[in-house]
**Q** 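Below is one structure. I have some questions about it.
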2 protein chains.
Amino acid sequence: MAATETLTAERILEATEEVLRRYGPAKATVVDVARVLGVSHGSVYRHFRTKAALREAVTERWLERTIVALVPYVEAEGPADERLTGWLTALFALKRKKAGGDPELMATFQVLIGENSAVVDRHEEHLVEQIARILEDGHREGLFAAPERDVKATARAVFDATDRFHNPAHAADWSAPDAEDAFTAVVSLVQRALKA
Amino acid sequence: MAATETLTAERILEATEEVLRRYGPAKATVVDVARVLGVSHGSVYRHFRTKAALREAVTERWLERTIVALVPYVEAEGPADERLTGWLTALFALKRKKAGGDPELMATFQVLIGENSAVVDRHEEHLVEQIARILEDGHREGLFAAPERDVKATARAVFDATDRFHNPAHAADWSAPDAEDAFTAVVSLVQRALKA
DNA sequence: GCGATGACAGATTTCAATATCTGTCACTCC
DNA sequence: GGAGTGACAGATATTGAAATCTGTCATCGC
């Protein structure tokens, strides 16, 4: 179907996502992807060297979306402490919505994440950079104390301290009734630590 | 072997641990446990209603050991802030040693933990209580600021913020070269947040 | 010429038959 | 009398043969 369109990496990635969504990470095959696209599986291998590379690219695309969704919170108006809380809240809300809205898709995603730790490491770096930018502004505004070491290390500490509220490994805990309170408590702990 | 000794819950738990250690969580059976003890599997069911109950008891015992090992750090001499750092460091070191020393055993343990979230919840409660005790002392000593809500909530926030360094789900990260630095950074973040 | 194909070898997965395990209970034997 | 047994039914796991998948590449056809 739609065999008239040229076969691009982009179209293959979309089809792969659909197949992963439909069959899950264990049963999604390259043959399935090719079938969705109406081509032979050999054609898929023209764009991606291996099945692993294809899955990695999907993972990357997926994570990239989170980064993009958070940009507005990095560039928001207002004092840096509020922006930090806004950013952390947005990240938690985003992850929680995904996990709660489609638990199966989340499970699929978690498998992909487990397979591609290098991609995840780079993703975490990006998130830490977003925190660091807010922290720098806060320091400039006189809201946050000078970091003990460098801003990046502090940003990483903030990221690690809130890990329980964005790491998919903890997705199961996010539906607990006191998850919101626990999140608020950790954020206010972090805010007190940063305060000038 | 040693069939002369009476069959106690304690002996069954020890045998179960041995079987779990040797065969892993997937292949450890009640029949194996009975074989180690030199009894019929029916006898095991006299002490534990189900295989699940048996595994739960093993998990509980295992977690209890961590609590006991940490008591000296709760009751240590010295200022509360140092005691808190000591306690957190001890917990991280304990977990890291177990994870690094025998990864397979750790994987087994993680499966048990996944099966028995109620037991884990109670365990976390105990750990949070240990933190709360140190926090109370720190408040009395004038080292820690008055908690925004109750001490328990703050203790839980400290526990959550350091999650990445004691939750077995993150065991894989603990061997990274910068794990130690990341831990220190989060602990110093927490300390700044608590400071009076 | 170049993107697409499909047959192929070796690796992995599926499926159904077989074996083992879980949990029960009437029984044994001290 | 009560701890311990082992045969049993239903559930779960193992196994090996057959099917499918991955990745390659000589070939096709536009």
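Chain identifiers are assigned alphabetically (A, B, ...) following the order of the sequence lines, protein sequences preceding nucleic acid strands; residue numbering begins at 1 within each chain.
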**Q** With ring centroids as reference points, do B:W174 and B:F165 lie under 6.0 angstrom apart?
**A**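 Not close enough - the centres of the two rings lie 6.0 Å or further apart.
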**Q** Shorter than 3.5 Å, N or O on both sides, protein versus nucleotides 20-25 of chain D: list them out with atom names.
**A**
unit_1	atom_1	unit_2	atom_2	d
D:dT22	OP1	A:V30	N	3.1
D:dT22	OP1	A:K51	NZ	3.2
D:dT22	OP2	A:V30	N	3.1
D:dT22	OP2	A:V31	N	3.4
D:dG23	OP2	A:Y45	OH	3.0
D:dG23	OP2	A:K51	N	2.6
D:dG23	N7	A:H41	NE2	3.3
D:dG23	O6	A:H41	NE2	2.9

**Q** Enumerate the ring pair (Phe, Tyr, Trp, His ring centres under 6.0 Å) contacts for residues 114-143 of chain B, please, sequence neighbours excluded, ordered by first and then second residue.
**A** none
**Q** Evaluate the ring planes of B:H170 and A:H170, with Trp represented by its six-membered ring, and classify them as parallel (under 30°), tilted (30 to 60°) or perpendicular (over 60°).
**A** tilted
**Q** Is the shortest side-chain N/O distance from A:S40 to OP1 or OP2 of C:dT5 below 4.0 Å?
**A**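 True: A:S40 side-chain N/O within range (under 4.0 Å) of C:dT5 OP1/OP2.
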**Q** Exactly one of B:V187, B:V190, B:I134, B:T184 should register a side-chain contact (heavy atoms from CB on, under 4.5 Å) with B:T85. Which one does?
**A**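 By the side-chain contact (heavy atoms from CB on, under 4.5 Å) criterion, B:T85 pairs with just one of B:V187, B:V190, B:I134, B:T184: B:V187.
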**Q** Show your reasoning for whether side-chain contact (heavy atoms from CB on, under 4.5 Å) applies to A:R156 and A:E125.
**A** CA-CA 8 Å; A:R156 165 59 73 172; A:E125 275 300 308; 3.7 Å; yes
**Q** Dot-bracket notation for DNA chain C is requested: 5' to 3', Watson-Crick or G-U wobble pairs only, both distances under 3.5 Å, with ( ), [ ], | and . as defined.
**A** ||||||||||||||||||||||||||||||
**Q** Verify side-chain contact (heavy atoms from CB on, under 4.5 Å) between A:D102 and A:K98, making sure each step is shown before the conclusion.
**A** CA-CA 6 Å; A:D102 194 340; A:K98 263 186 196 159; over 6 Å; no
**Q** Rounded off to whole Å, could you give me the NE2-to-C1' distance for the A:H47 and C:dA4 pair?
**A** 10 Å
**Q** Rounded to the Å, how far apart are A:R11 CZ and C:dG3 P?
**A** 16 Å
**Q** Could you check how far CG of A:L37 sits from C1' of C:dT5, rounded to whole Å?
**A** 15 Å
**Q** Hey, is OH on B:Y73 packed in by over 12 heavy atoms from elsewhere, all under 6.0 Å?
**A**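 Atom OH in B:Y73 is not packed in, count stays at 12 or less.
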**Q** Find the distance A:F48:CZ to C:dG3:P and express it as a whole number of Å.
**A**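 In whole Å, C:dG3 P and A:F48 CZ are 15 Å from each other.
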**Q** Flag yes if B:M106 and B:L63 sit in one hydrophobic cluster, no otherwise; membership is Ile, Leu, Val, Met, Phe, Trp, Tyr, and two members link when side-chain heavy atoms are under 4.5 Å apart.
**A**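 Shared cluster, no.
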**Q** Within this structure, what is the CG-to-C1' distance between B:L7 and D:dG4, rounded to whole angstrom?
**A**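 After rounding, the gap between these two atoms is 9 Å.
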